[in-house]
2 protein chains.
Amino acid sequence: MNPLDKTYFEITYHLYTDTEEEVTQKVEHIALEQSVELPRSVLSASINERIVGKPGQILQLDEHHYRVSIQYPLENAGAEIVQFLNVLFGNVSLIRGVQIHSASWDPLKHLCKGPAYGISHIRHQLGIPTRALSCTALKPMGYTSDQLAELAREFALGGIDIIKDDHGLANQAYAPYAERVERIQNSVKRANEQTGYTSYYFPNVTAGITDLERRIDIALEHGCKGVLFIPQLASLESMHWLAHQKTGLMIMAHPAFSGSYVTSTHQGFTPAFLYGQLYRALGADFSIYPNAGGRFSFSLDQCQQINHDCRTTASPFQGCFPTPGGGVKWEQLPEWIERYTNDTVFLMGGSLYQYPDGIRAVSNHVRRSLQDHA
Amino acid sequence: MNPLDKTYFEITYHLYTDTEEEVTQKVEHIALEQSVELPRSVLSASINERIVGKPGQILQLDEHHYRVSIQYPLENAGAEIVQFLNVLFGNVSLIRGVQIHSASWDPLKHLCKGPAYGISHIRHQLGIPTRALSCTALKPMGYTSDQLAELAREFALGGIDIIKDDHGLANQAYAPYAERVERIQNSVKRANEQTGYTSYYFPNVTAGITDLERRIDIALEHGCKGVLFIPQLASLESMHWLAHQKTGLMIMAHPAFSGSYVTSTHQGFTPAFLYGQLYRALGADFSIYPNAGGRFSFSLDQCQQINHDCRTTASPFQGCFPTPGGGVKWEQLPEWIERYTNDTVFLMGGSLYQYPDGIRAVSNHVRRSLQDHA
């Protein structure tokens, strides 16, 4: 394979097949499917040379398990995120035994711009130079705006850094978006005046094509500094669009509706590719993922790989804060910091709600624990 | 379980677990996860009663294989497609061994409105009362607008009913969207004048949040009657939005980027749920899916189930034309019509491009074959 020039980008796949013969066929299939979608026999020499994906050497990693990289002309993505995603994983998503492990982000950096802020700017803006951050979610669905605002007040008085809407809070009648954002944001502001430190409220702006801008405007109007966004529901492209609107809003990406891409070991994306590389490339300042030991089922190794891909300086993008959710009890924060380092946002929900002495008390324990291990 | 009242909708899951004990836990987990995301111990009686999902009886189907339906309050979806999708498959997408088989569309019909046209209106508009329809894709990427227009002319002169952009044609420099749509549409119009019957050109309007409306406007300006749309790339919600804009455009949905939801037998959606039920509910007039025997790997049974779910009159929505792609050679059309009935659109690509006597000749064979088996 030629060294990657700037007019190509490269995708690295892991392939699972029964025989060596099959893997060669599969690579040829992918290179054609993700570009011309025709057999080579009907292609002109020029299309064959200019447009078709160029596979590198196939490497055997294990029995029935291979790795290969394919280079695609940047012009096939046509300067559009949507079409880049199509080349990345359009029809190939339908082929069993194909899993994406990485992409060469350097030649893609004019298309995918990464987070608008990233770890170091967020630390600067929040005035938290070294310690890990805490995050929690306001819930349950069914609470009124006032009930949620009261909860937010308790979390803020206890000193949680980021208080976000639960990803299921949308625009339901029991807590309509505009009313909810106003009441919670005011409640958090008042708590901040009382404590002297700053908690931030991130409303969930995820919405359809006609409502998204209105929700963003309302968040800005009330002075929010960040938002929750579910890229697999609104669209990956709209997250990138939002990141580069110069709104000043930080984006916390939530993994709802994305699980099918990462729950198979032989298909889709590795969790690190999706929640580390891709969400970061598409503008997530924070990437929430289901932590090892929580209600879902990633291994500690997979989580460490997500953390790595969120932060690595080998990427052309600003760093993205890995935000493991679930599986973290406040008493264990020192151990988790030891494992994941301080460049981590710990998202704790259920375990705080269950604390017998109340939310303010447990939030205070969280804050002290993070400060003690800075 | 109470009979479903109009303020609830129901999702039916297949669950795969090792033990009977685990399945009970899993059902409880899903009912909470897809509503309140908190343990029952911290919920008020009112939230518990009004908001949490209500599971029905668990039925064992086979060893380690169970079925259960859960009812959710409609108000949890808050009159929004995005939030309905979140309740349908948000966090539960991250739980292994959970597959969605069906939803009760009747109580959802004011939220999801189905196709704006559907099979009978399309037949009326196209003047094709009974026979099956043909469809092909213009490709490869890398061709200029003029080359694609020349191809379209040949397909139209041969009498293919729907000539669509390949799903990889976006706005690349070699065939920019506006130029391409104008040239192809004109080329097809001129061919129609020559033949006396009507071929339709469907451009690919799939695009990001800021470009989608412009692409739709250009398609309308040139008199297109339908468009290609990739819901998993642009967003499922934007397909529904487009369907109900009263533009007059029929929507052909393409499955790119959706494969991970349907390639596992134990996770995600059944192919019939995604390409039959969900795409139909969200406005697809045509639903392209990978046909049995083609480059991808659905079974004939799975395809028949997709066809059924696209067309069934038990649904509150207009019928959606199942559009099997791949695996159909024109010589075999009579057998496929026998299997799938005439309420089918046959999407043929590679096999037409490879015909030795050229595209016009093979398109003519296709047309005669469909007419002979009306």
Side-chain angles (χ1 to χ4, degrees), chain A residues 29 33 35-39 41-43 47 50-51 75-76 78 80-83 85-86 89-91 93-96 139-142 166-168 170-173 206-210 233-235 237-238 241 255-261 263-264 267-268 290 295-297 349-350 353-354, chain B residues 29 33 35-39 41-43 47 50-51 75-76 78 80-83 85-86 89-91 93-96 139-142 166-168 170-173 206-210 233-235 237-238 241 255-261 263-264 267-268 290 295-297 349-350 353-354:
Chain A
H29 180 174
E33 191 67 46
S35 54
V36 291
E37 282 193 75
L38 280 172
S41 60
V42 302
L43 300 177
I47 294 286
R50 282 168 40 229
I51 306 293
E75 64 173 345
N76 288 7
E80 291 182 272
I81 299 289
V82 165
Q83 176 56 14
L85 294 169
N86 205 359
F89 201 58
N91 275 1
S93 72
L94 289 152
I95 307 177
R96 287 182 177 77
K139 47 191 174 184
M141 263 192 223
D166 190 30
H167 79 282
N171 191 31
Q172 293 99 334
T206 313
I209 195 164
T210 53
L233 282 176
S235 88
E237 189 275 342
S238 59
W241 168 83
F257 214 79
S258 73
S260 296
Y261 293 107
T263 45
S264 162
Q267 207 277 338
R295 306 192 298 272
F296 306 101
S297 37
Y353 283 87
Q354 291 173 81
Chain B
H29 180 174
E33 191 67 47
S35 54
V36 292
E37 282 193 72
L38 280 172
S41 60
V42 302
L43 300 176
I47 294 286
R50 282 168 41 230
I51 306 293
E75 64 173 345
N76 288 7
E80 291 183 272
I81 301 287
V82 165
Q83 176 56 14
L85 294 168
N86 204 1
F89 201 58
N91 276 1
S93 72
L94 289 152
I95 307 177
R96 287 182 176 78
K139 48 191 171 183
M141 264 192 220
D166 190 31
H167 79 282
N171 191 31
Q172 293 99 334
T206 313
I209 197 165
T210 52
L233 282 176
S235 88
E237 190 274 342
S238 59
W241 169 83
F257 213 79
S258 73
S260 296
Y261 293 108
T263 46
S264 162
Q267 206 276 339
R295 304 192 299 271
F296 305 101
S297 38
Y353 283 86
Q354 291 174 84

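Naming: A, B, ... by sequence-line order, numbering from 1 per chain.
- Contacts of A/Leu233 with chain B are made by both backbone and side-chain atoms, with heavy-atom separations under 4.5 Å.
- Across A/Gly208, A/Ser238, A/Ser258, A/Ser264, the residue that shares the most heavy-atom pairs under 4.5 angstrom with chain B is A/Gly208.
- Contact of A/Pro255 with chain B is made through backbone and side chain together, with heavy-atom distances under 4.5 Å.
- Rounding to the nearest 0.5 Å places CE of A/Met141 at 12.0 Å from CZ of B/Arg50.
- To the nearest 0.5 Å, the span separating OG1 on A/Thr210 from CD on B/Glu237 amounts to 6.0 Å.
- Put simply, of B/Thr206, B/Val82, B/Leu94, B/Leu85, the one with the most heavy-atom pairs under 4.5 Å next to chain A is B/Leu94.
- Neither the backbone nor the side chain of A/Ala173 comes within less than 4.5 Å of any heavy atom of chain B.
- The candidate from A/Ser260, A/Gly349, A/Ala256, A/Gly259 with the greatest count of non-hydrogen atom pairs under 4.5 Å with chain B is A/Ser260.
- Chain A forms the most heavy-atom pairs under 4.5 Å with one residue out of B/Gly268, B/Ser41, B/Ser35, and that residue is B/Ser35.
- When each of B/Val36, B/Asn76, B/Val42 is scored by its heavy-atom pairs under 4.5 Å with chain A, the top score falls to B/Asn76.
- Interface residue B/Asp166: only side-chain heavy atoms are found under 4.5 Å from chain A.
- Note: B/Gly142 leads B/Ser235, B/Gly142, B/Gly78 in heavy-atom pairs under 4.5 Å with chain A.
- Using a 4.5 Å cut-off between heavy atoms, B/Gln354 contacts chain A through both its backbone and its side chain.
- Contacts of B/Ala234 with chain A are made by backbone atoms alone, with heavy-atom separations under 4.5 Å and no side-chain atom involved.
- Pairing each heavy atom of A/Leu38 with each of B/Gly350, the nearest pair is CD2-CA, 4.1 Å.
- A/Ile47 touches chain B through its side chain: at least one heavy atom from C-beta onward sits under 4.5 Å away, while N, CA, C and O do not.
- With a 4.5 Å cut-off on non-hydrogen atoms, B/Ile81 does not touch chain A at all.
- If you take CG on B/Asn171 and CD on A/Gln83, they are separated by 10.0 Å, rounding to the nearest 0.5 Å.
- To the nearest 0.5 Å, atom NZ of residue B/Lys139 and atom CD1 of residue A/Ile51 are 15.0 Å apart.
- Between B/Tyr261 and A/Phe257, the ring-plane angle classifies as tilted under the 30° and 60° cut-offs.
- Both the backbone and the side chain of A/Thr263 come within contact range of chain B, judged by heavy atoms closer than 4.5 Å.
- A/Ile209 CD1 to B/Trp241 CH2: the interatomic distance, rounded to the nearest 0.5 Å, is 4.5 Å.
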